[in-house]
Amino acid sequence: MATVRSAHTVWNGDLFNGKGDVTLDSSGLGTYDVTWKARAEEANGKTSPEELIAAAHSACFSMAFSNGLAEAGKTAERIETSADVTFVPGTGITESRLKVTAVVPGLTAEEFTDIAEAAKSGCPVSQALAGIKISMDATLES
C-alpha cells in the first residue's frame with residue numbers, strides 16, 4: 001500500500017527578497033521559515049529545501065541500513081547518519097554526502113561495507129536523487 005506525505009509552502013515576494021513558510025502537514029510537526037538567503041548563504045535560523053532533503057536522506061539511509069543488518073541477522077546498537085546536501089546557485093543540487101558510524105556487534109568490516117553500500121544505493125531517497133553524486137564515508141565502531 002502506498003503512503004503519501006504532504007507539506008506545503010506559502011511564499012511572499014520575489015525570489016531574492018521574499019520569504020516563505022513551509023509546513024509539514026502529514027506529521028503536524030511545525031512550520032518553518034525559508035528564504036533565498038537561507039538557501040544560498042547562511043541559514044540564520046531558517047531552513048531550505050536542501051536541509052529538508054538532507055534530513056530525508058539521512059533518515060532513509062539509516063532505515064535501509066538497519067533493514068540490511070536485519071536481513072544479515074544483525075542488530076545495530078547505534079547507527080548515526082548525517083547527510084550534507086550541496087546546492088550551487090544557478091546549477092542546482094549537485095551532491096549528497098552521507099556519513100555513517102555504527103556499532104554492530106558481530107559484524108565484520110567487510111559485511112559492514114557491503115550492507116552500507118547496498119543501503120546507499122537502495123534507499124528510496126538515494127534513488128530519487130539518482131541524478132546527482134552520492135558519496136559515503138562509513139565507519140564501523142567497536
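No hydrogens, no waters, no symmetry mates; every other heavy atom, side chains included, goes into these values. Bear in mind the structure is a predicted one, so any value in this text is a computation, not a measurement.
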Fill in: Atom NZ of Lys99 with >12 non-hydrogen neighbours under 6.0 angstrom
no

Fill in: Modelled atom types, side-chain donor and acceptor of Thr86 and Arg97, under 3.5 Å
yes

Discussion item. If you count every heavy atom of other residues, nucleotides or ligands that lies below 6.0 Å from Gln127 atom CD, does the total exceed 12?
Written reply: yes

Practice prompt. Give the cluster check for Val125 versus Phe87: same hydrophobic cluster or not, with ILVMFWY residues linked at side-chain heavy-atom distances below 4.5 Å.
Written response: yes

Worksheet item: Between Pro49 and Arg39, is any pair of side-chain heavy atoms under 4.5 Å apart?
Response: yes

Discussion item. Is any side-chain heavy atom of Glu117 closer than 4.5 Å to one of Met136?
Written reply: yes

Fill in: Ser66 side-chain N/O to Ser62 backbone N/O, donor-acceptor pair under 3.5 Å
no

Discussion item. If you define the side chain from C-beta out and look only at heavy atoms, does anything of Ile79 sit under 4.5 Å from Leu69?
Written reply: yes

Practice prompt. Indicate yes or no for a side-chain donor-acceptor contact from Ser26 to the backbone of Ser6 under 3.5 Å, with no hydrogens or angles considered.
Written response: yes

Fill in: Interatomic spacing from OG in Ser27 to CZ in Arg5 - rounded to 0.5 Å
9.0 Å

Discussion item. To the nearest 0.5 Å, what is the distance between OG1 on Thr91 and CD1 on Ile132?
Written reply: 13.0 Å

Worksheet item: Between Ser126 (side chain) and Gly122 (backbone), is there a donor-acceptor pair under 3.5 Å?
Response: no

Practice prompt. Let me see the working for Phe65 and Thr81 under side-chain contact (heavy atoms from CB on, under 4.5 Å), right down to the final yes or no.
Written response: CA-CA 10 Å; Phe65 185 64; Thr81 307; over 6 Å; no

Worksheet item: Does the side chain of Arg78 come within less than 4.5 Å of Thr101's, by heavy atoms?
Response: yes

Worksheet entry | Any side-chain donor near an acceptor of the partner, Thr108 and Glu111, under 3.5 Å | yes

Item to complete: Check whether any side-chain N or O of Lys19 sits under 3.5 Å from a backbone N or O of Asp33 as a donor-acceptor pair, and report yes or no.
Response: no

Practice prompt. For Trp11 and Thr35, work out which heavy atoms get closest and say how close.
Written response: CH2-CA, 3.9 Å

